[in-house]
Amino acid sequence: MGELTSTAKKIMEMFRYFRVKKCEYLSIRLIRSRQHLWKDIEEEEFNQALENLIEMGYIEKIENPEGWKLLEAGDDNLKQLNLHF
């Protein structure tokens, strides 16, 4: 598997910041509450990072509530990453 981009790392930081554990979800509402983190990131870059995380099996898109579910691989990755929020 490839290395995470800086945008993908920021997304994963959000899971850690909001203390989302395996099989729990991060809503779009929570991500929007931290808009200052995304001010320098284009929407296309953000969406590509989400797609990469989904392809890597770290997260899964959910519809209700709209957001992303943290999968086991993503939880394991969070435990290994040296993230700075």
Side-chain angles (χ1 to χ4, degrees):
M1 285 192 195
E3 182 133 346
L4 296 180
T5 64
S6 61
T7 303
K9 286 180 183 178
K10 278 188 177 185
I11 294 169
M12 293 304 288
E13 285 176 3
M14 296 295 290
F15 282 92
R16 181 178 282 172
Y17 178 81
F18 288 110
R19 301 178 191 268
V20 176
K21 297 188 182 345
K22 179 175 60 174
C23 295
E24 294 180 347
Y25 73 93
L26 177 65
S27 71
I28 287 180
R29 183 183 60 81
L30 288 177
I31 287 179
R32 287 184 180 146
S33 73
R34 298 289 178 221
Q35 283 185 335
H36 66 280
L37 294 174
W38 315 111
K39 66 180 177 183
D40 296 334
I41 298 173
E42 298 290 327
E43 185 175 351
E44 183 178 324
E45 182 181 350
F46 181 81
N47 290 336
Q48 183 61 50
L50 284 172
E51 288 300 319
N52 289 344
L53 290 169
I54 290 169
E55 288 174 10
M56 295 172 85
Y58 288 2
I59 63 174
E60 174 181 83
K61 185 171 177 59
I62 59 173
E63 297 298 325
N64 191 15
E66 193 173 6
W68 297 273
K69 179 179 176 181
L70 184 64
L71 302 177
E72 186 172 350
D75 187 58
D76 291 344
N77 183 267
L78 279 178
K79 292 173 185 171
Q80 296 173 20
L81 281 179
N82 184 16
L83 301 175
H84 303 82
F85 198 77

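Just so it is clear, the structure is predicted and the values come from calculations on it, not from any experiment.
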Would one find more than 12 heavy atoms of other residues, nucleotides or ligands at under 6.0 Å from atom NZ of K61? yes
Locate the shortest heavy-atom distance separating I41 from L37; write the atom from each residue and the value. CD1-O, 4.0 Å
Ignoring hydrogens and angles, state whether a donor on the side chain of Q48 or N52 is under 3.5 Å from an acceptor on the partner side chain. yes
Nearest non-hydrogen partners of V20 and Y25, listed with the distance: CG2-O, 3.8 Å
Yes or no on side-chain contact (heavy atoms from CB on, under 4.5 Å) for M12 and K9, after CA distance, side-chain angles and deciding distance? CA-CA 5 Å; M12 293 304 288; K9 286 180 183 178; 5.6 Å; no
With the 4.5 Å side-chain cut-off for hydrophobic clustering, are I28 and F46 part of the same group? yes
Would you give the length of the straight line joining atom CD1 of I11 to atom OG1 of T5, rounded to the nearest 0.5 angstrom? 7.0 Å
Rounded at 0.5 Å granularity, tell me how far CG in L53 sits from CD in E60. 13.0 Å
dist R34:CZ -> K39:NZ (nearest 0.5 Å) comes out at 14.0 Å
Taking side-chain contact (heavy atoms from CB on, under 4.5 Å) as the definition, give me every residue that meets it alongside S33, ordered by chain and number, with sequence neighbours left out. F18
Table please: side-chain donor-acceptor pairs of residues 63-78 below 3.5 Å, with sequence neighbours left out.
{"residue": "D75", "atom": "OD2", "partner": "K79", "partner atom": "NZ", "Å": "3.2"}
{"residue": "N77", "atom": "ND2", "partner": "Y58", "partner atom": "OH", "Å": "3.2"}

What one should report as the nearest heavy-atom pair of M14 and I31 is CE-CA, 3.8 Å
